[in-house]
Amino acid sequence: MTKVRFAPSPTGKLHVGNVRTAIFNYLFARKAGGQFLLRIDDTDVERSTQAFEDGIRADLTWLGISWDDTFKQSDRFDVYGQAAEKLKEMGLLYACYETGEELDRKRRLQMANGRPPVYDRAALSLTDEDKAALEAEGRKPHWRFKLSGNPVSWDDMVRGPVTIETSSLSDPILIREDGSYLYTLPSVVDDIDAGITHIIRGEDHTTNSGAQIEVFEALGGSAPQFGHQALLVGADGGKLSKRMGSLGIQELRDEDGLEPMAIMSLLAKIGTSDAVDAFADVDGLLEGFDLGKLSRSPARFDPEELKRVNAKLLHSMSYETAQPRLAALDADGGEAFWNAVRPNLEVLADAKAWAQLVAGPVTPVIEEADYAEAAARHLPEGELTGESWGEWTNALKEATGRKGKQLFMPLRLMLTGEPRGPEMAVLLPLLGRETVLKRLQGETA
Ligand code: GLU
């Protein structure tokens, strides 16, 4: 069975870049009828916080991304310890005693001599006595995984054939001097134990994958299939700009007031061969989903495009979907109200202003008293309907000789107090005869 995971570190908030990885994994699992696991990569106990973890879960839930299972790495240190012992026994995990400064010095020297700054494996030739002497000095070992030095190749679901020359990599440190784990080993152990079949993540992990494939094989698993998607860049092709909040999901929700499906729609489609569109639900996104459609060049994230998708989504959003949210905003004016105002919305909260416009009180702007009187006189009889606006303005045109802006703008100002707003033809029946007449008389209603 297909099983994928999204593995954020709770050392920060979800943002458009890392949530895109969650979206791809989620859609991949749903499309395959498989499972989506949420793993919290909190081996860095200093920087991980419960608040970030809670925030990640809340943001994913808000986006409509649910998981079949979840766990945190900090609950599994003993399992990682066993895996580390196994690697030590195999001679694949070796103790190193260099300090950070010593490693830095080595790197600088290598570079000065025109060589790549790859760890020289000096620690491999330490004898037991050497190690005892170093420990007597008060040094504690960190532990490196011994790479094979062979090329590691795989057929990447996004990038096609990839080869990593492990001979050009430093043996990765799996365990720090203080005994804490870096991400490489726990991730592999968890992926094996959870039966992960596909690893979909950002291309900043491609080199890691080369090393991790060797760790998978050393621990007796075969590596899952990999897909490394290109990262997001800003609209201008440069680094993601921080103009729109911090591009954090929480800011997009709480400050910018955007729809979860707008974010889902855009992030699932940019950088693919599909056109970006506003999808009302995940099922719509699933239809054309295919990692093979992802481009290998970075996807451009444009906050303006996100706003456009958001508006488009609202313009076709059903009343049923909008209703609970409108109620929460105190802007639920019923279905006819929603249908009238939604083409004017950029964000759902804009509906509040329209609700106030309908419910009042509105202070009319009356610039010509005689036009207000004429307007009241020519208002069609009976209940106002979708036809009333046309009938009314035709009658006024005939009676006053006005046309265009002169005919329409004063009516809008008198009825709404604003120079812009929803289509008057739709608004008129929402206001109702009584309110219309009051406002035409200059009454705040
Ligand atoms: N915690 C890692 C990260 O956020 C997970 C990478 C992976 O998916 O394996 O980069």
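The shown structure was predicted, so the numbers you read here are calculated from the model rather than taken from an experiment. Whatever order the structure lists them in is the order used to number ligands and atoms, beginning at 1.
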Item to check | Whether over 12 other heavy atoms sit under 6.0 Å from E423 CD | outcome: no
Checklist entry - Should the ring pair W154 and H228 be called parallel, tilted or perpendicular, given that the plane angle runs from 0 to 90° and is split at 30 and 60? => result tilted
Are there any protein N or O atoms under 3.5 Å from the N or O atoms of ligand 1? List them with distances, or say none.
from     : atom 1 : to   : atom 2 : distance (Å)
ligand 1 : 1 (N)  : A7   : O      : 2.7
ligand 1 : 1 (N)  : S9   : OG     : 3.3
ligand 1 : 1 (N)  : D41  : OD2    : 2.7
ligand 1 : 4 (O)  : A7   : O      : 3.4
ligand 1 : 8 (O)  : R5   : NH1    : 2.7
ligand 1 : 9 (O)  : R5   : NH1    : 3.4
ligand 1 : 9 (O)  : R5   : NH2    : 2.8
ligand 1 : 9 (O)  : Y183 : OH     : 2.9
ligand 1 : 9 (O)  : R201 : NH1    : 2.7
ligand 1 : 10 (O) : H205 : NE2    : 2.8

Between side-chain atoms of residues 88-96 and protein atoms elsewhere (two or more places apart, or another chain), which donor-acceptor pairs fall under 3.5 Å?
from : atom 1 : to   : atom 2 : distance (Å)
K88  : NZ     : E85  : OE2    : 3.3
Y94  : OH     : D171 : OD2    : 2.4

Next on the checklist: Considering only residues two or more places apart or on different chains, which pairs with a residue in residues 319-354 satisfy ring pair (Phe, Tyr, Trp, His ring centres under 6.0 Å)?
Outcome noted: none
Next on the checklist: With ring pair (Phe, Tyr, Trp, His ring centres under 6.0 Å) as the rule and sequence neighbours excluded, what pairs involving residues 45-76 come up?
Outcome noted: none
Item to check | Charged N-O contact under 4.0 Å between K269 and D277 | outcome: no
